[in-house]
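Below: one structure, written as structure tokens.
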Amino acid sequence: MCGIVDYIGKKQAAPILLEGLSKLEYRGYDSAGIAVFDGEEIRVEKATGRLKVLSELTHDGETMPGSVGIGHTRWATHGEPNQVNAHPHYNKNKSIVVVHNGIIENYLSLRQRLIQKGYEFSTETDTEVVAQYLDYYYQKNHDPLTSIIKVLHRVEGAYALGILFKDHPDTLYAVRKDAPLIVGKGKEGNNLIASDATALLKHTRDVYYLENNEIAVLTADSIGFFNVDGDPVEKEESRIDWDESAAEKGGYEHFMLKEMYEQPKTIRDTLNPRIKDGNVVIEELGMTDEEIRNVGRIHIVACGSAYHTGVTGKYVFEGMCRIPVEVDLASEFRYRDPILGEKDLVIVISQSGETADSLEALRITKAAGIMTLGIVNVVGSSIAREADKVMYTWAGPEIAVATTKAYSAQLIALYLLAIRFGQALGTVDAKATASMISELKRLPDQIELLLNNKEKIQNFVNHYLAAQHIFFIGRGIDYAIAMEGSLKLKEISYIHSEAYAAGELKHGTISLIEEGTLVNAIVTQDALFAKTVSNMVEVKSRGAFVMAVTNEGNTEIENTADLVIYIPQTNRFFTDSLAIIPLQLFAYYVSVGRGCDVDKPRNLAKSVTVE
Ligand code: BG6
């Protein structure tokens with residue numbers, strides 16, 4: 001996944017491109033580049049590494065005069081991260097320059113065809129094929145739009161493109177197919193294109209969301225849209241109501257910590273619009289009680305942390321509604337030819353709404369004629385627009401690669417859906433609904449409390465900064481919490497960690513437990529309390545140090561655990577929302593203690609839009 005920013009207007013383009021790219025670095029940060037028309041030539045500067053290398057190289061853009069340009073920050077897919085493979089890519093005489101997010105799947109065959117026509121390639125990237133093919137058609141018709149359309153009919157895959165032609169320096173071109181791209185309508189003759197809104201907020205809140213197979217044509221004073229047949233397309237303008245600071249750190253050391261502290265607000269923002277007159281009302285669901293009762297089975301499909309909310313969702317739906325739920329990793333679901341019943345509902349959960357495996361799982365389901373519901377955080381993203389129904393989590397922009405607030409918002413969305421289904425199925429009556437709504441409304445304050453009592457964890461982690469292996473155990477919903485706790489630690493501290501269903505430990509993995517091994521036990525399900533404590537005793541007797549996360553009042557656990565983190569009492573279906581907080585803090589302080597890049601951990605990206 002990469003980040004694109006393009007600008008055309010009255011101001012100097014380079015500083016605007018660099019500033020915008022700095023907001024998109026979470027999308028990829030192994031190399032970057034910008035191209036600016038200086039009145040005579042298109043100048044291109046590229047650099048390996050973080051954006052600041054390019055900023056220093058160009059003196060924050062000062063060495064690249066010109067008021068139209070395109071920029072890119074990269075997460076390599078084709079061609080290793082280096083200066084040559086960094087974007088923008090161009091034709092032989094740099095008269096056509098291109099930035100690209102996505103993958104041109106048939107680039108090798110197109111490249112071969114162009115080589116037979118005498119073209120030479122200087123990079124390993126798929127993107128260079130687009131620049132060279134544009135050159136091939138432009139030589140024939142000298143019309144940018146026609147050339148772009150010709151190329152679009154040949155390339156296959158996912159692509160968000162920003163294109164600049166030297167012969168047409170007063171125009172910017174952009175194309176979108178299966179990769180996000182937004183057009184920003186600036187004020188007084190300044191227009192922009194970007195991969196997401198965070199790069200635009202400084203300049204405008206008025207945007208157009210490009211649909212698949214749409215082309216945008218921007219001048220300083222106009223914005224036009226065309227489909228891939230060259231027909232003009234009318235588009236509706238939207239307004240973004242995120243405030244710019246949402247994209248800034250707000251005084252926290254890391255975006256991850258800031259986003260952890262935004263969880264109370266995120267939960268209120270996701271919960272409150274769906275509580276009306278003491279009842280759960282999910283307008284966007286658009287299903288009658290009858291339709292809900294007709295749902296035979298629910299499939300939850302997702303990747304990463306979103307998958308873990310799906311696992312919790314299974315326990316909540318099955319426990320609250322007695323409706324069967326299957327949970328699948330999207331990368332498995334899409335190739336296992338899943339058995340979907342015509343009355344099934346497939347819920348695809350995704351923060352970005354762009355994760356390739358989840359998007360494809362959605363498309364496979366739709367192609368089978370099965371109803372789909374997307375639980376998504378990014379408005380206007382592919383999954384949001386392609387799902388039959390979409391339920392937004394209102395977490396705002398999430399910058400840190402390791403998700404926290406979007407994860408918490410996804411849990412709230414699942415709880416609300418389960419209550420709604422339970423009401424229709426008659427397993428949740430008005431009294432239970434009222435009690436659960438009041439429990440949900442207490443979560444934000446309870447989370448604030450847990451976040452503010454972080455000292456205990458902060459001091460504790462210092463003992464484990466050099467740990468090689470850390471285990472998380474739990475039963476039922478606690479197992480789902482353990483999975484997310486373990487992933488958070490792995491993502492940002494690079495410590496090997498595993499999550500296990502506590503009852504499964506003795507069937508093998510307990511062999512890994514030795515003197516001093518840290519085991520984090522999640523024990524919030526009262527019905528499983530004794531069972532999980534006995535598993536804690538099993539690892540203790542092999543020398544493990546046990547940290548337990550449990551409900552207030554469960555003090556007898558202190559007989560077994562070496563350290564206990566108490567969470568406030570809440571409904572047994574909602575404990576994930578509280579128990580995850582100390583685990584997020586644990587992972588965060590271990591990462592900080594080990595000097596890791598908390599917000600941009602190695603080898604990861606915020607959303608993987610390639611397979
Ligand atoms: C990974 C992110 O790339 O994708 C994780 O680092 C995330 O945080 C996972 O959970 C799935 O992403 P999404 O956007 O589909 O929820």
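When a ligand or atom number is given, it counts from 1 through the structure's own listing order.
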| Of the protein's non-hydrogen atoms, which lies at the shortest distance from atom 4 (O) of ligand 1, and what is that distance? | Lys606 O, 3.8 Å

| query | Can you check whether Gln351 has an N/O within less than 3.5 Å of an N/O in ligand 1? | reply | yes

| said: Test of understanding: given a 4.0 Å heavy-atom threshold, classify the contact between Ala605 and ligand 1 as side chain, backbone, both, or neither. | reply: backbone

| message | So if I count the atoms of ligand 1 from 1 in the order they appear, which ones are less than 4.0 Å from some heavy atom of Val401? | response | 2 (C), 6 (O), 8 (O)

| message | Looking at Thr270, is its backbone amide N or carbonyl O close enough to the side chain of Arg274 to form a donor-acceptor pair, meaning the two atoms are under 3.5 Å apart? | response | yes

| request: To the nearest 0.5 Å, tell me how far Cys596 SG sits from Arg602 CZ. | output: 7.5 Å

| Starting from atom 11 (C) of ligand 1, which protein heavy atom do you reach first, and at what distance in Å? | Cys303 O, 3.5 Å

| note | Within 4.0 Å of some non-hydrogen atom of Val608, the atoms of ligand 1 are 3 (O)

| Judged by atom type as modelled, is there a donor-acceptor pair below 3.5 Å linking the side chain of Ser195 to the main-chain atoms of Ile4? | yes

| Considering only the protein, which heavy-atom contact is closest to atom 12 (O) of ligand 1, and what is its distance? | Thr355 OG1, 3.3 Å

| task | Pick one of side chain, backbone, both or neither for how Glu354 approaches ligand 1, counting any non-hydrogen atom pair under 4.0 Å. | result | neither

| query | Just wondering, are more than 12 heavy atoms of other shown residues or ligands nearer than 6.0 Å to CG in Asn452? | reply | yes

| query | Residues in side chain to side chain contact (heavy atoms under 4.5 Å, CB included) with Ala579, at least two apart? | reply | Ile481, Ile522, Thr524, Val549, Ile567

| field | Met256 backbone acceptor or donor facing Asp599 side chain under 3.5 Å | value | yes

| field | Nearest-0.5 Å distance that lies between atom OG1 in Thr312 and atom CD1 in Ile477 | value | 6.0 Å

| field | Proximal ligand 1 atoms for Ser305, defined as those under 4.0 Å from one of its heavy atoms | value | 10 (O)

| Ser350: numbered ligand 1 atoms lying under 4.0 Å from its heavy atoms | 13 (P), 14 (O), 15 (O), 16 (O)

